[in-house]
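Comments concern the structure below.
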Amino acid sequence: SLPGVGSVVLPVAALAALLPAAFASTHRFSWAGAPWATAHIAVALLAYAFFIVAAAQALVMTGLESRLHRGLAEGPEAPPLLTLERALFRLILAGFVLLSLAQASGLLFSEELFGRAFQFTHKNVFAVASWAVFGALVVGRWRYGWRGRRALRWILAGTALLILAYLGTKFVIEVVLGR
């Protein structure tokens, strides 16, 4: 457990739980009964969840590191930064594997529905860009030992691209364009 994390995460989670009521949509996914679609959506949501948790943990680690550099104690409840870093990169690796599966199933699902494996949409471009950023981070960590602020920048950039891939596209289509 990390001190003070609940006071930040719980209000954000409560707000996020109320958002569907504020932005109710009559649009439903028309292929929800298709097994490929269900598996693709489940894997993609798990990948998103892993990366969001990893980004939050990276920010918490940055705060703890900043406190250490200013000479403030971590506190008895905070685990060591190296333990947090190992857990962070496990989250990143699991998220990367799931995102790779989501990309592959998206290719198969797209070909099954539309007759071509890849459509040039904002969602696909941002998802592939995010996958490339996280892939570079995994390779950079393994090959060059990336960690600390360098890794944080890659994690936040990849997560931002992934959020743009789904939430940004969804927001523009449904809220801005009203479709």
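In what follows, every heavy atom counts, from backbone to side chain, and hydrogens, waters and symmetry copies are set aside.
Contact detail for A47 and G95: the closest heavy-atom pair is CB-O, 3.9 Å. Nearest heavy atoms, A87 versus Q57: CB-NE2, 4.0 Å. Of all non-hydrogen atoms in S130 and G158, the two that sit nearest each other are OG-O, 2.9 Å. Contact between K123 and A165 at its shortest, heavy atoms only, is CG-O, 3.2 Å.
L88 and L98 end up in different hydrophobic clusters when Ile, Leu, Val, Met, Phe, Trp and Tyr side chains are linked at under 4.5 Å. The hydrophobic cluster containing F126 does not contain V43, counting ILVMFWY residues as joined when their side-chain heavy atoms lie under 4.5 angstrom apart, directly or transitively. One hydrophobic cluster holds both L161 and L99 under the rule that ILVMFWY side chains link at heavy-atom gaps under 4.5 Å. One hydrophobic cluster, built from ILVMFWY side chains closer than 4.5 Å, cannot hold both L101 and Y166; they sit in different ones. Both L93 and V133 belong to a common hydrophobic cluster when Ile, Leu, Val, Met, Phe, Trp and Tyr are linked at side-chain heavy-atom distances under 4.5 angstrom.
Although no hydrogens or angles enter the test, the distance criterion places a donor-acceptor pair under 3.5 Å between the side chain of S100 and the main chain of F96. Side chain of E65 to main chain of G148: no donor-acceptor pair is present (N/O by atom type, distance under 3.5 Å, no hydrogens or angles).
In this structure, the separation between CZ on R150 and CD1 on I155 is 13.0 Å, given to the nearest 0.5 Å. The CG atom of L137 lies 11.5 Å from the CZ atom of R153; values are rounded to the nearest 0.5 Å. Atoms CD and CZ, on E85 and R90 in that order, are 11.5 Å from each other to the nearest 0.5 Å. Taken from CD1 in I92 to CZ in F50, the straight-line distance is 10.5 Å, to the nearest 0.5 Å.
Remark: I163 pairs with I52, T159, L167 by the side chain to side chain contact (heavy atoms under 4.5 Å, CB included) rule, at least two apart or across chains.
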Residue pair T83, R86: steps toward the side chain to side chain contact (heavy atoms under 4.5 Å, CB included) verdict: CA-CA 5 Å; T83 302; R86 276 192 300 273; 3.6 Å; yes
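Clustering of Ile, Leu, Val, Met, Phe, Trp and Tyr by side-chain heavy atoms under 4.5 Å joins L156 with L59, L152.
Under the ring pair (Phe, Tyr, Trp, His ring centres under 6.0 Å) rule, F51 has a single partner from W154, F134, W131, which is F134.
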